[in-house]
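Just so you know, these numbers use all the heavy atoms, side chains as well, and skip hydrogens, waters and symmetry mates. Within every chain, numbering begins at 1; the chains are lettered A, B, ... in the order of the sequence lines, protein sequences first and strands thereafter. Owing to the predicted nature of the structure, the values given are computational and were not obtained by experimental measurement.
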Number of protein chains: 2
Amino acid sequence: MNDTGKGTSRRGGIGWSDRPTAKDVAVLAGVSTQTVSRVANDTGNVLPETRQRVLEAMARLGYSPNAAARVLRAGRSSSLALVAHHISRTGEANIIEAVCSTAREHGYDVQLTIAPSGSAADLNQAMTRSRQGAAGLVVLGLETAAVNQLRFPPNLPVVVADSRTLSLPSVGSDQAGGAKLAVEHLLATGASTVHIVAGPENSVQSTQRVAAWRSVLTAAGCPVPPVLHGDWSPASGYQAAQQLADDQQVRAVFAANDEMAAGVLRALHEAGRRVPEDVRVAGFDDVSAPWLWPPVTSVRQDFSTIGELLISLLLDQLDNRPEPGAVPVTQSVVVPAQLIVRGSTMATATDGHW
Amino acid sequence: MNDTGKGTSRRGGIGWSDRPTAKDVAVLAGVSTQTVSRVANDTGNVLPETRQRVLEAMARLGYSPNAAARVLRAGRSSSLALVAHHISRTGEANIIEAVCSTAREHGYDVQLTIAPSGSAADLNQAMTRSRQGAAGLVVLGLETAAVNQLRFPPNLPVVVADSRTLSLPSVGSDQAGGAKLAVEHLLATGASTVHIVAGPENSVQSTQRVAAWRSVLTAAGCPVPPVLHGDWSPASGYQAAQQLADDQQVRAVFAANDEMAAGVLRALHEAGRRVPEDVRVAGFDDVSAPWLWPPVTSVRQDFSTIGELLISLLLDQLDNRPEPGAVPVTQSVVVPAQLIVRGSTMATATDGHW
DNA sequence: CTGAAAGCGCTTACAG
DNA sequence: CTGAAAGCGCTTACAG
């Protein structure tokens, strides 16, 4: 940049030199810095009249406490860190919003750090950055990361959004149960088997959904078609489904999320296959499913409950801080999923040819 | 630590007492704390052999610098604060991801604080919380907040994602230009006028799109139908469009975002009106538009460019830190929008009756 | 109810 | 190339 000589202000910065401090307020109000602190934190007893004077001084100077100093000295904070990646995927966005609003109800801020990918390396880096000044940590999007490669910050309460049973507190949807509902429903509409458009091969969530799909088919004595893999995006669902659309044998497709279901629908429409008359389609997440055409049967994940439980498990750890060295209490909560049936799987009167 | 008497550790916390400090590393490596600092920051000259010893000590102790102390002392940080609300709306999620990845390329972390709503009060609170320890601030979602009620943190470089020309640096899409393209295109398909499903009445973005719609219609001598308002959600688009769907006079609908367009399509489909044969439909954002049925013509916002420019304008301020008291340089950038034409507005061979 | 002193963990000049 | 001292702004015991 323009360092004429050495340029010490390369990165700008918060510049403490130009912000009012507790001392400035104290001088103006004619009290000590720690009376300022008492007023700022609403702690201890302060004479109403003194408090008033301090508040006025704060307002006049535009004072707000330096959080770095506060955290450094107090050794705790009222903010929680949240690590995620790919936030525009609707499922995660919903959990994030639920986590934030629940945390807020309990008096905590949430600072979200977005990792560039779901790899263990990127998540580790994000956790390291985010732990700073946080009282606890929520991690989303472990699907593709090998859990044993993750290095959770030591001495920091952690909870993860994950549907597996792990060695740390976790909350997740019942992926297998939800997928089972969808596949059984598709079979019940008369299909002789169900094709699947799954998520990435390395995704744990996808793997769980695929396993449930396979076991339902096997239990019902149905042939098990090859697994098609997408990357959760509509485009990938579209691409995968183009192979299915031209095959008249294909009568039912289970997309592992709603977004890929949108792509599947487009491929079927373009191939001239009618939904649900010719092909039944189901999705997973139930976020965009009601707004596709035809409206799509989907497995509803209870994102708000997941968000609430995540915070709840985290606050449990904060409130009952274990003795250093104590064995951490692990708790894995599985939240049931629910099937919402819509037009994409509803047999109509003209369905006689099935 | 664990005072058995009063239980001071109500909120847990980062517990500095149980984390290794630079001093611990220094003792183990047999150097001073500031050699540790030099190694941690990759600054100054350190004998390779000394560096190695320090790195080993760090690794053994699992040391990572205390960010609060670092920010407090150095008076600057390498993280940027981002304030937003309603992140699951696809447009904002896209900007957020672009901001994060661009910031990362420039060596900055991003800490996202999510405000419960877009009100001035909530945004102000989020800005106050987020400014702590950040070198700069990016604010999204001012649409409904009166800008003059916002209190931006003093002495902190700020940039906002907004399509207006404001008194502070801003970047936004050309809302009017984009809407103009869409409405003119709809008229060009033969419709005698264009109906609109707008966003909330207090949304600036929606107001800009509505104004452009109105002026195109007026310029073309078309009747101006009443404005229907949604809240950006598919459900609200669905509800608004139910009034339009039964009216055979309605031949073209402009939805102020893709999500409401999805609801509009559903209402039209349910009413048995064919798209595009009976009714043309266009959306805005071009995020989900390609995956609706039929694929929807939409105004594409260049979210990645917006994200890049936001960071760019912020870094300009950081690099050329004005003298205290200097008049801040204001720059408002408008990013052009583009119309992507798809099936929902394409006249087909069977369209003779128009 | 209020204040003087100490220190959280780090980095910044300043010496050597 | 390395270290001893000072201090960022705040809060925590401890006195009064």
Side-chain angles (χ1 to χ4, degrees), chain A residues 6 8-11 13-27 29-54 58 61 63-78 131-133 155, chain B residues 1 3 5-11 13-27 29-54 58 61 63-78 131-133 155:
Chain A
K6 208 57 200 304
T8 61
S9 62
R10 252 200 69 254
R11 277 196 165 166
I14 62 169
W16 35 261
S17 47
D18 43 19
R19 280 185 64 188
T21 71
K23 186 163 192 181
D24 298 327
V25 176
V27 169
V31 297
S32 71
T33 60
Q34 104 205 245
T35 295
V36 174
S37 169
R38 287 188 184 105
V39 172
N41 295 286
D42 233 343
T43 176
N45 298 327
V46 180
L47 218 57
E49 160 189 321
T50 311
R51 165 185 304 279
Q52 192 52 38
R53 244 187 12 257
V54 172
M58 285 177 171
L61 265 41
Y63 170 78
S64 73
N66 179 316
R70 182 178 271 185
V71 168
L72 175 59
R73 179 62 243 234
R76 62 187 139 71
S77 81
S78 64
R131 73 155 300 176
Q132 306 292 2
N155 299 107
Chain B
M1 184 69 359
D3 28 353
K6 205 65 199 297
T8 61
S9 62
R10 249 201 73 254
R11 277 197 165 166
I14 62 171
W16 35 261
S17 48
D18 43 20
R19 280 185 64 189
T21 72
K23 186 162 193 182
D24 298 327
V25 175
V27 169
V31 297
S32 72
T33 61
Q34 104 204 246
T35 295
V36 174
S37 169
R38 288 187 184 105
V39 172
N41 295 286
D42 233 342
T43 178
N45 298 326
V46 180
L47 218 58
E49 160 190 320
T50 310
R51 165 185 304 280
Q52 192 52 39
R53 244 190 7 260
V54 172
M58 285 177 169
L61 264 43
Y63 169 78
S64 74
N66 179 316
R70 181 179 273 185
V71 168
L72 174 59
R73 178 62 243 233
R76 63 187 137 72
S77 80
S78 64
R131 73 155 300 174
Q132 306 292 1
N155 298 107

(request) May I have the distance from A:Leu72 (atom CG) to C:dT11 (atom P), rounded to whole angstrom? (result) 12 Å

(request) State, to 0.1 Å, how close B:Arg53 and B:Gly30 come at their nearest heavy-atom pair, and which atoms those are. (result) NH2-O, 4.1 Å

(request) Taking the side chain as every heavy atom from C-beta outward, state whether A:Val36 and A:Lys23 have any atom pair closer than 4.5 Å. (result) no

(message) If you compare every side-chain N and O of B:Ser37 against the phosphate oxygens of C:dT11 (OP1, OP2), does one of them come in below 4.0 Å?
(response) yes

(request) Would you mind classifying the nucleic acid contact of A:Val36 as base, sugar-phosphate or nothing, using non-hydrogen atoms under 4.0 angstrom? (result) nothing

(message) The side chain of B:Arg73 is closest to which nucleotide in this list: C:dT12, D:dT11, D:dG3?
(response) C:dT12

(request) Ignoring the backbone of B:Val46, work out which of C:dA6, D:dT2, C:dT11 is nearest its side chain. (result) D:dT2

(request) Nearest-nucleotide wise, let me know which of A:Arg70 and B:Gly30 is further upstream toward the 5' end of DNA chain D. (result) B:Gly30

(message) Given D:dG7, C:dA4, D:dA5, identify the nucleotide with an atom nearest to the side chain of B:Gln34.
(response) D:dA5

(message) If you assign each of A:Ala69 and A:Pro48 to its closest nucleotide in DNA chain C, which residue comes earlier from the 5' end?
(response) A:Pro48

(request) Go ahead and name the base partner of D:dA4; Watson-Crick or wobble counts if both distances stay under 3.5 Å, otherwise write none. (result) none

(message) The side chain of A:Thr35 is closest to which nucleotide in this list: C:dC10, C:dC1, C:dG3?
(response) C:dG3

(request) Round to the nearest Å and state the distance from A:Asn41 atom CG to D:dT11 atom C1'. (result) 8 Å

(message) Rounding to an integer number of Å, can you tell me how far A:Asn45 CG sits from D:dG16 C1'?
(response) 16 Å

(request) Using whole Å, report how far OH of B:Tyr63 lies from C1' of C:dG9. (result) 8 Å

(request) Let me know the distance between CG of B:Asp42 and P of C:dC10, rounded to the nearest Å. (result) 17 Å

(request) Please tell me if the side chains of B:Arg51 and B:Asp42 come closer than 4.5 Å, counting only heavy atoms from C-beta onward. (result) yes

(request) With a 3.5 angstrom cut-off on both distances, give the Watson-Crick or G-U wobble partner of D:dA13, or none if there isn't one. (result) none

(request) Specify the separation, in whole Å, of atom CG of A:Asp24 and atom P of D:dC8. (result) 11 Å

(request) Write down the distance between CG (B:Asn66) and C1' (D:dC10), rounded to a whole number of angstrom. (result) 13 Å

(message) Do A:Thr21 and A:Asn66 make a side-chain contact, defined as non-hydrogen atoms from C-beta onward lying under 4.5 Å apart?
(response) no

(request) Please assess A:Arg38 against A:Val54 for the test side-chain contact (heavy atoms from CB on, under 4.5 Å), listing each intermediate value before the final yes or no. (result) CA-CA 10 Å; A:Arg38 287 188 184 105; A:Val54 172; over 6 Å; no

(request) Remember a base hit wins even if backbone is also touched, and classify A:Thr43 as base, sugar-phosphate or nothing at under 4.0 Å, heavy atoms. (result) nothing

(request) Flag the pair B:Val39 / B:Met58 as yes when at least one side-chain heavy-atom distance between them is below 4.5 Å, and no otherwise. (result) yes

(request) Name the residue closer to the 5' end of DNA chain C, choosing between A:Thr50 and B:Ala40 according to the nucleotide with the nearest heavy atom. (result) A:Thr50

(request) Give the nucleotide from the list C:dT2, C:dC10, C:dG3 with an atom nearest to the side chain of B:Thr21. (result) C:dC10

(message) Can you tell me which nucleotide in D:dG3, C:dC10, C:dT2 comes closest to the side chain of B:Ser32?
(response) D:dG3

(request) Round to the nearest Å and state the distance from A:Lys23 atom NZ to D:dT11 atom P. (result) 16 Å

